[in-house]
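Structure record follows, encoded as structure tokens.
Just so it is clear, the model here is predicted, and its values are computed rather than measured.
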Amino acid sequence: MIFIQRARAYFALLLILAGLLAAPNVASAHDLLYDDSHSAQALLHIDPDDDPVAGKQSTLLYGLYQLAPAAAKVEVGHAGKSVTLPARLGAHTVTAQYNFPAAGAYQLVLHVTIGGKMYMFRHTQVVAAGKGQGLPAWMVAAGVVLLVAVALLGCLGYRALKNPAR
């Protein structure tokens, strides 16, 4: 009887582990940035889905907490080169458009003037090549088949333990 209780516990643990492994990786929807002096905050959102793809246009949206920008520019640095982007100012936002030319790590720097004071917000953004950072479809399908097979074997093993051959 103790063996069956342990088998149930192991089976439940196996199902929980399989569920965690099958869960999609969740990307951070937004990045909270602090200026160099840690006296101001900005929330960075990159569209599409905070997962920019090389060769496709992205929108950089900075939300400034209860601060109204008077002037702003966005710099994008990659591979030793830097580009200054024109920025659109909103009541509490700064927006810029950029087409990341290649996959890799990019340095994003927002320079904003608020109330006569200059703030700089820095962020490193990884840009994926092709369709994004997801797994190929065949690999996802193989993972699902493997999880179903493990669950089926677990059920059959549990049933064999519960009702041993007579």
Should D36 and R122 count as side-chain neighbours, where that means a heavy-atom distance under 4.5 Å? yes

With no hydrogens and no angle check, just 3.5 Å: does a side-chain donor-acceptor pair link E75 and T84? no

Residue pair M120 / D35, side-chain heavy-atom distance below 4.5 Å: no

Grouping I, L, V, M, F, W and Y whenever their side-chain heavy atoms are under 4.5 Å apart, do L67 and V94 come out in a common cluster? yes

Side-chain touch L85/L60, heavy atoms, less than 4.5 angstrom: yes

From H123 NE2 over to D31 CG, what is the distance, rounded to the nearest 0.5 angstrom? 4.0 Å

Is there side-chain contact between L108 and I46, with at least one heavy-atom pair below 4.5 Å? yes

Quick check: closest heavy atoms across A42 and L64, and the distance to 0.1 Å? CB-CD2, 3.7 Å

Mind listing the closest non-hydrogen atom pair of A87 and V74 along with its distance? CB-CG2, 4.5 Å

On a heavy-atom basis, the closest approach of A54 and A102 is CB-C, 3.5 Å

Below 6.0 angstrom between ring centroids: does that apply to Y62 and F121? no

Taking the side chain as every heavy atom from C-beta outward, state whether S39 and Y119 have any pair of such atoms under 4.5 Å apart. yes

Indicate, with yes or no, if Y34 and L43 share a hydrophobic cluster defined by side-chain heavy-atom contacts under 4.5 Å among Ile, Leu, Val, Met, Phe, Trp and Tyr. yes

Smallest heavy-atom separation, L89 atom then A70 atom, equals CD1-O, 3.4 Å

Applying a strict under-4.5 Å side-chain criterion to I, L, V, M, F, W and Y, I'd like to know whether L61 and V109 cluster together. no

Between G104 and H78, what is the shortest heavy-atom contact and its length? CA-CE1, 4.1 Å

Y106 vs F100 aromatic rings, parallel, tilted or perpendicular, using cut-offs 30° and 60°? perpendicular

Which heavy atom of A128 sits nearest to which heavy atom of A103, and what is that distance? C-CB, 3.9 Å

